[in-house]
S.K.: 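First the structure, which I've put down as structure tokens, then a few questions once you've had a look.
Start at 1 and go down the list; that is how both ligands and their atoms are numbered.
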Amino acid sequence: MRYLKNKIKKNNKGKLGIALVGLGGYAGGQLAPALQQTKHCYLAGIVTGTPSKIPLWKDKYNIPVENIYNYDNYDTIKDNPDIDIIYVVLPNSMHAEYTVRGFEAGKHVICEKPMALTVEECDKMIAASKKADKFLSIGYRLHFDPYHLDMIRMGTQKEYGAIKKIVSEFLQPSIKGEWRLDKKYSGGGPLMDLGIYCLQGVIYITGMEPVAVTAQTFPVSDKEKFTDIEETLDWQMEMPDGMIAECRTSYSGSANRIKAEAEKGWFELDPAFYYAGLKGTTADGKIIFHAPLSQQAKQMDDIALSIKNKKASIVPGEMGRRDVKIIEAIYKAMRTGERVVI
Ligand code: NAD
């Protein structure tokens with residue numbers, strides 16, 4: 001085992017070690033494979049509550065036993081110099097606790113979106129980061145995707161003039177029985193999971209934050225499935241210049257797009273929010289094309305580099321908190337039917 005550990009350290013000289021906490025669909029399907037491509041960080045450890053997952057992960061990714069933790073001995077990760085960064089990939093309700101414990105163990109933390117269930121939880125996470133003097137970043141992968149970087153450039157540099165309207169939709173069916181349908185774990189419905197991408201897109205393409213929101217939900221199609229979360233949500237965000245963004249998210253149907261309508265033309269991504277296969281078009285017939293890349297590898301490398309350079313990442317905890325604050329306002333608007341000022 002010593003040999004294995006030494007080998008990993010040697011092979012990954014100069015790279016920061018990441019421990020994935022929660023070995024579900026996203027950790028196993030996207031993050032672990034992406035960590036095979038990263039230049040500034042590598043998969044050094046895992047934290048799991050399911051012992052049956054260990055042999056596969058250990059063998060596939062050459063993870064030494066001393067870098068494998070469960071939820072009970074998680075805090076002892078503080079004694080492990082191989083682990084520099086904790087990456088929390090658990091159900092939303094567990095983000096705050098495992099992030100705070102990660103900081104208490106003296107590690108940097110990347111936390112998946114949405115950052116937490118409430119602004120209060122976000123504040124605790126940011127306070128823990130400050131107390132530990134370690135960086136907190138949110139897993140907002142699209143900030144590192146070249147298609148979205150094009151949208152940011154076209155929007156913020158007003159290449160088609162001032163944006164007059166943005167329409168964004170992310171609709172995707174959910175599976176019965178998963179934690180996403182249980183408000184205790186998810187904190188809410190598709191807005192927490194999918195709509196957050198529309199919300200983010202509007203903000204980074206305009207370079208502005210909403211000043212007020214309105215929202216409407218609809219009767220659910222399946223009363224057994226959607227007991228305490230919304231199935232479909234429409235919401236509108238008023239931006240400081242008066243521009244209105246119209247957004248929709250749902251756990252039924254299928255749509256995945258963001259379109260900005262500006263004074264001199266429009267530009268859009270459809271699909272917009274997938275891991276790959278995005279497509280961009282503009283009013284003047286341009287088709288945006290970029291060579292395929294791993295958004296997650298780029299995201300984790302960029303965050304690792306910012307940590308090495310002792311700088312906050314471009315997706316800091318404060319950004320996650322901002323979005324949770326807007327989400328809280330959208331849910332309030334949905335419940336009350338009123339325009340909610342942020
Ligand atoms: P998942 O259900 O596939 O995995 C969740 C993991 O948490 C599993 O390994 C499960 O065993 C573990 N877990 C521990 N305690 C649990 C409990 N009490 N109930 C349920 N699971 C428990 O979910 P996922 O799709 O991997 O999502 C995990 C997180 O990652 C979520 O916050 C989600 O929003 C986020 N995510 C982000 C992206 C992205 O593109 N950035 C994509 C997918 C998921």
Side-chain angles (χ1 to χ4, degrees), residues 18-35 45-54 56-57 68-72 74 86-99 101-102 109-118 121-122 125 136-145 147-148 170 172-201 204 229 249 251 256 271-278 293-300 302-303 313-315 317 319-320 323-324 327:
I18 291 192
L20 293 175
V21 185
L23 307 181
Y26 192 54
Q30 302 299 324
L31 298 177
L35 281 163
I46 50 175
V47 182
T48 178
T50 316
S52 60
K53 289 181 185 167
I54 293 173
L56 186 93
W57 277 75
I68 299 173
Y69 294 84
N70 56 48
Y71 298 125
D72 295 326
Y74 171 56
I86 299 283
Y87 196 148
V88 179
V89 207
L90 291 162
N92 305 343
S93 60
M94 300 170 79
H95 289 184
E97 178 190 338
Y98 283 83
T99 295
R101 282 168 67 183
V109 180
I110 305 173
C111 176
E112 257 315 316
K113 44 62 54 177
M115 178 168 162
L117 303 193
T118 61
E121 283 186 341
C122 295
M125 295 157 83
L136 171 58
S137 305
I138 309 301
Y140 284 139
R141 60 186 161 81
L142 295 178
H143 286 253
F144 307 90
D145 179 275
Y147 289 88
H148 285 261
F170 197 171
Q172 190 168 283
S174 71
I175 303 158
K176 210 170 187 159
E178 60 167 328
W179 61 264
R180 283 178 170 78
L181 299 175
D182 186 343
K183 195 173 177 186
K184 193 164 78 224
Y185 290 100
S186 59
L191 177 61
M192 296 295 267
D193 194 33
L194 311 174
I196 190 168
Y197 288 98
C198 307
L199 181 158
Q200 273 253 314
Y204 57 65
I229 58 159
T249 188
Y251 276 151
N256 193 313
F273 307 121
Y274 292 143
Y275 305 136
L278 308 192
L293 91 173
S294 163
Q295 295 167 347
Q296 290 82 2
K298 213 157 166 274
Q299 169 211 323
M300 289 187 281
D302 203 272
I303 291 173
S313 75
I314 60 166
V315 286
M319 179 184 280
D323 296 344
V324 171
I327 286 172

S.K.: Determine whether a donor-acceptor pair (N or O, by modelled atom type, separation under 3.5 Å) exists between the side chain of H148 and the backbone of A272.
M.R.: yes
S.K.: Report the nearest protein non-hydrogen atom to atom 4 (O) of ligand 1: residue, atom name, distance rounded to 0.1 Å.
M.R.: G24 CA, 3.2 Å
S.K.: Which of the listed options, H95, E112, M192, holds the heavy atom that is closest to atom 37 (C) of ligand 1?
M.R.: E112
S.K.: Can you tell me the protein heavy atom closest to atom 11 (O) of ligand 1 and the distance?
M.R.: K53 NZ, 3.6 Å
S.K.: Going by distance only, is there an N or O of G25 that falls short of 3.5 Å from an N or O of ligand 1?
M.R.: yes
S.K.: Is there a heavy atom in Y140 that sits closer than 4.0 Å to ligand 1?
M.R.: no
S.K.: Please check if the side chain of T249 supplies one atom and the backbone of F170 the other of a donor-acceptor pair under 3.5 Å.
M.R.: yes
S.K.: Between L117 and H95, is any pair of side-chain heavy atoms under 4.5 Å apart?
M.R.: no
S.K.: Measure the distance from atom 7 (O) of ligand 1 to every protein heavy atom, then report the residue, atom name and distance (to 0.1 Å) of the closest one.
M.R.: P91 CD, 3.3 Å
S.K.: In the protein, which heavy atom is nearest to atom 16 (C) of ligand 1, and how far is it?
M.R.: M94 SD, 3.8 Å
S.K.: I need the nearest protein heavy-atom contact for atom 39 (C) of ligand 1: residue, atom name and distance, please.
M.R.: Y197 OH, 3.1 Å
S.K.: Side-chain contact test, heavy atoms from C-beta onward, threshold under 4.5 Å: evaluate it for N92 versus M115 and give yes or no.
M.R.: no
S.K.: Checking side chain to side chain contact (heavy atoms under 4.5 Å, CB included) between I86 and each of I18, I110, V21, L20, which is the one that passes?
M.R.: V21
S.K.: Taking only heavy atoms of Y71, which atoms of ligand 1 are found under 4.0 Å from at least one of them?
M.R.: 14 (C)
S.K.: Would you say the side chain of L194 lies within less than 4.5 Å of the side chain of Y251, judging by non-hydrogen atoms?
M.R.: yes
S.K.: Identify the protein heavy atom lying closest to atom 28 (C) of ligand 1, giving its residue, its atom name and the separation to 0.1 Å.
M.R.: V89 O, 3.3 Å
S.K.: Which is closest to atom 23 (O) of ligand 1 by heavy-atom distance: Y26, W179, Y275?
M.R.: W179
S.K.: Would you indicate whether the side-chain heavy atoms of L31 and M300 approach each other to under 4.5 Å?
M.R.: yes
S.K.: For ligand 1, note which part of Y274 has a heavy atom under 4.0 Å away: side chain, backbone, both or neither.
M.R.: neither
S.K.: Hey, are Q200 and D323 close enough side-chain-wise for a donor-acceptor pair under 3.5 Å?
M.R.: yes
S.K.: Just go through I175, L31, L90, T48 and tell me whose heavy atom is the nearest to atom 29 (C) of ligand 1.
M.R.: L90
S.K.: Can you report which non-hydrogen protein atom sits closest to atom 18 (N) of ligand 1, along with the distance?
M.R.: Y185 CE2, 3.5 Å
S.K.: Would you say G139 touches ligand 1, if touching means a heavy atom closer than 4.0 Å?
M.R.: yes
S.K.: Return the set of residues passing ring pair (Phe, Tyr, Trp, His ring centres under 6.0 Å) with Y74 (not counting sequence neighbours), or none when no residue passes.
M.R.: Y98
S.K.: Does any part of the side chain of I138, heavy atoms only, come nearer than 4.5 Å to the side chain of M319, both counted from C-beta?
M.R.: no
S.K.: Without hydrogens or angle criteria, can the side chains of Q296 and Y275 be said to hold a donor-acceptor pair below 3.5 Å?
M.R.: no
S.K.: Going by the atom numbers of ligand 1, which of them fall below 4.0 Å from some non-hydrogen atom of L23?
M.R.: 9 (O)
S.K.: Out of R180, Q30, K113, R141, who is nearest to atom 44 (C) of ligand 1 when you count heavy atoms only?
M.R.: R180
